[in-house]
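Residue numbering restarts at 1 for every chain, and letters A, B, ... go by the order of the sequence lines.
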Amino acid sequence: MKERLRQAICAALETCFSNGTLGSGEIPTVVLEVPAHAEHGDFATNVAMTMARAEKKAPRKIAEAIVAALGGENDLWQKVEIAGPGFINFSLTRRCWYAVLDEIDEKQERFGLSTAGAGERVQVEFVSANPTGPLHIGHGRGAVVGDATAAILRAVGYDVQREYYVNDAGNQVVTLGRSIWLRLRELAGEAVDFPEDCYQGGYIRDLAIDLKASDSALLDLAEEEAIKKCSAFGVCQVLEWIGADLKLFGIHFDNWYSEQSLYDHNMVNTELAKLAAKGLSYEQDGALWFKTTEYGDDKDRVLIKSDGSPTYFASDVAYHMEKFERGFSRVIDVWGADHHGYVPRMKAVLAGLGHPPEDLEVLLIQMVNLLRDGQPFTMGKRSGNFITLREVIEEVGSDACRFFFLMRRSDSQLDFYLDLAKQQSSDNPVYYVQYAHARVCSINRNAKEVGVSPPARGEVAFDRLDRDDELALSKMLSRYPEVVEGAARHYEPHRIVFYLQELAAQFHSYYNRSKVLGDDREVSQARLYLVNCVRTVLANALTLLGVSAPETM
RNA sequence: GCGCGGUUAGCUCAGCUGGAUAGAGCGUUGGCCUCCGGAGCCAAAGGUCAUAGGUUCGAAUCCUAUACCGCGCGCCA
């Protein structure tokens, strides 16, 4: 619809140029936007204003010429007006707005999808929490944002892979093993001095108990070997927990990528050799450095420590280069905002090894503040433990949890009100939206009971939808595909959430004002058609966010 | 000190590529159940868009500086 309008404007401009009313001869980019106020019509363009300079004419004069060339009303618009400093406002016909209802009815769950991404291969890597402890609330936000972003990109036609990078190779894994080992000895009755740099959480003891049950001979082994076994067991077990938590959250990864495998396949050395060959690394103080400062980082970074062991950064170089070798044209990393200092060096890696840095997009997810009774609430029951993601999901449910995590822009901090998330009232946005969906389902059940059948496409009496709020709802529905597209282009799932809240509000308001199932059969059927389109869009949007669209509540 | 993010109504936040009179929810105040699910709706009050400059037809939006809040700045991960 917007496109048809754009074409009409371009054609009008051509007319102006050929008959000499306008002189510059260059068609500018025609921007059409939805005005903030309804009295300004359905779409507005500012071309007359942007052309003012080149034409050396007053914007309103230019607008007049364009409007004259556009001609009178037709099946697309019913009114064209010049307003304000030179806006051209279009009011479209009711008929053409109602056309979107047929489109929704036809496409159903495909309404809102597009092929804009053209099958381009994109990877979204998210969560990637160290396998040394359960997921906490902060991981949860990244998990949901990553998952929803992936879903949205898929909806607009990208070939998306979801990946979890498992840091199973670094020091932290040894620390995990040692922590378990010490607890194990404690269980055997030894007095153990548990160091501060070991993992303090109570889950370590749980792991030790489990391990003791499955491998009682462990205590007889030499320390190094025992710790190794403890590490392997711990990583395996913790990953299982993480997988279970994510499953509870409805998140599925296409691929779990092991950091250790980069070493096993000698890929770290291979990439480091490439850097050396390009003269991008050097030795100093017994360590190997990457000249990240050549690409905008504020200091160079160590790849190999003076003790000969590689840094986390070294494997990350290999990992990211390997991503591109796998054929992704774009790679999206979802990180906690506390890792933001890492962005410049990662971009430097790409630049140094011959990829445009823009091919890597890093989404930084700001912190979550949990609040209960309005009070900050970050510590769990056992002191020293962050509240786990699982505890929150079990308390408020996956739907509410996901919805709340998506309610804010990722780069602003999020206050998570536990009480509100649990509340079953319209104050709780997730219930409010879900209830709108359930309400249409309820109307459908009722319609069946009173014998009003949904009308067939093509036989809907759109002229009986003569109320302003019916038109407004249709306009709202027609915006959905653009909202999805915008969310995809900017990696901003929260846009869908805001849209949902707005749509639900408009629907509830409509519902309250006018009975869908009334005395007039034709009107009832038309309204039934309309509210079912609302239902479809609500369901599509909720599904995109991984939130359920219940038929009853 | 340097870097990143933030600053919009009493509170929590939206605000698209710079557009017309800056929006929503909560809270406050006042209304609405003979009615498809009140898990809902309607209305009112509430603003120096942190501050000061700049860019221009036009700035909450872009640029510069300042203030405040959060985070980061290791041969940790």
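Nearest to the side chain of A:Val31, among B:U17, B:G38, B:A77, sits B:U17. Side-chain proximity of A:Asn130 to the nucleotides B:A77, B:C36, B:G72 is greatest for B:A77. Side-chain atoms of A:Asp427 lie closest to B:C26 of the nucleotides B:C42, B:G19, B:C26. Listed nucleotides: B:A20, B:C42, B:A14. Nearest to the side chain of A:His40: B:A20. Side-chain proximity of A:Asp338 to the nucleotides B:C36, B:C42, B:C71 is greatest for B:C71. Closest to the A:Arg439 side chain, of the nucleotides B:G38, B:G27, B:C41, is B:G38.
As rounded to whole Å, 12 Å separates atom C1' of B:C36 from atom CG of A:Asp519. With rounding to whole Å, A:Tyr342 atom OH is found 17 Å from B:C71 atom C1'. Counting to the nearest Å, the C1' atom of B:C35 and the NZ atom of A:Lys515 are 5 Å from each other. Rounded to whole Å, the distance from CG on A:Asn369 to C1' on B:C71 is 12 Å. Taking atom CZ on A:Phe87 and atom P on B:A20, their separation rounds to 6 Å, with Å as the unit. The CD atom of A:Gln260 sits 14 Å away from the P atom of B:A77 (whole-angstrom rounding). Here B:C36 presents its C1' atom at 17 Å from CE of A:Met553, a figure rounded to the nearest Å.
Under the ring pair (Phe, Tyr, Trp, His ring centres under 6.0 Å) criterion, A:His437 pairs with no residue at all, not counting sequence neighbours. When the side-chain hydrogen bond (donor to acceptor under 3.5 Å, both in side chains) test is applied to A:Arg178, no partner is found at least two apart in sequence or on another chain. For A:His40, the ring pair (Phe, Tyr, Trp, His ring centres under 6.0 Å) partners are A:His37, not counting sequence neighbours. Applying the side chain to side chain contact (heavy atoms under 4.5 Å, CB included) test to A:Thr292 and every residue at least two apart in sequence or in another chain returns A:Phe290, A:Asp297, A:Asp300, A:Arg301, A:Phe313, A:Arg345, A:Ala348. Among residues two or more places apart in sequence or in another chain, the ring pair (Phe, Tyr, Trp, His ring centres under 6.0 Å) test is passed with A:Tyr319 by A:Tyr165, A:Tyr257. With sequence neighbours excluded, no residue forms a ring pair (Phe, Tyr, Trp, His ring centres under 6.0 Å) with A:Phe87.
Residue contacts for A:Asn89: at a heavy-atom cut-off of 4.0 Å it reaches a base atom on one of the strands shown. Note on A:Glu33: only backbone sugar-phosphate atoms sit closer than 4.0 angstrom, heavy atoms only; bases stay farther off.
Within 90° of 0 lies the glycosidic angle of B:C33, which makes this nucleotide syn.
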Just the atom pairs and distances: protein N or O near nucleotides 56-64 of chain B's N or O, under 3.5 Å.
from	atom 1	to	atom 2	distance (Å)
B:C57	OP1	A:Arg53	NH2	2.8

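Counting heavy atoms of neighbouring residues, nucleotides and ligands inside a 6.0 Å radius, atom CD of A:Glu551 does not exceed 12 of them.
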So if I define the base as every atom that isn't primed, P, OP1 or OP2, how would nucleotides 28-33 of chain B read as a B/S/- string at a heavy-atom cutoff under 4.0 Å? ------

Summarise how protein sits on nucleotides 2-13 of chain B as a single string, 5' to 3': B when a protein heavy atom is under 4.0 Å from the base, S for sugar-phosphate-only contact, - for no contact. -BBSS-----SS

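Phosphate proximity of B:C41 to A:Tyr432: present, with a side-chain N or O under 4.0 Å from OP1 or OP2. For the OP1/OP2 pair of B:C76 and a distance below 4.0 Å, the side-chain nitrogens and oxygens of A:Lys305 include at least one atom meeting the criterion. In this model, the phosphate group of B:C42 is approached by a side-chain N or O of A:Ser509 to a distance below 4.0 Å at OP1 or OP2.
Ring geometry for A:Phe498 against A:His494 counts as perpendicular: the plane angle is over 60°, on a 0 to 90° scale with 30° as the lower cut.
Nucleotides B:U64 and B:A22, compared at atom P, are 27 Å apart to the nearest Å.
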Let me have RNA chain B in dot-bracket notation, would you? Count Watson-Crick plus G-U wobble pairs, both distances under 3.5 Å, and use [ ] for pairs crossing earlier ones and | for inter-strand partners. (((((((..((((.....[...)))).(((((.......))))).....(((((..]....))))))))))))....

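Non-hydrogen atoms lying under 4.0 Å from RNA chain B are contributed by A:His490, all within residues 477-490 of chain A. Within residues 173-181 of chain A, no residue has any heavy atom closer than 4.0 Å to RNA chain B.
By the 5.5 Å and 30° criteria, A:His339 is not stacked with the base of B:G72.
In this model, a donor atom of one side chain and an acceptor atom of the other lie less than 3.5 Å apart for A:Glu259 and A:Ser315.
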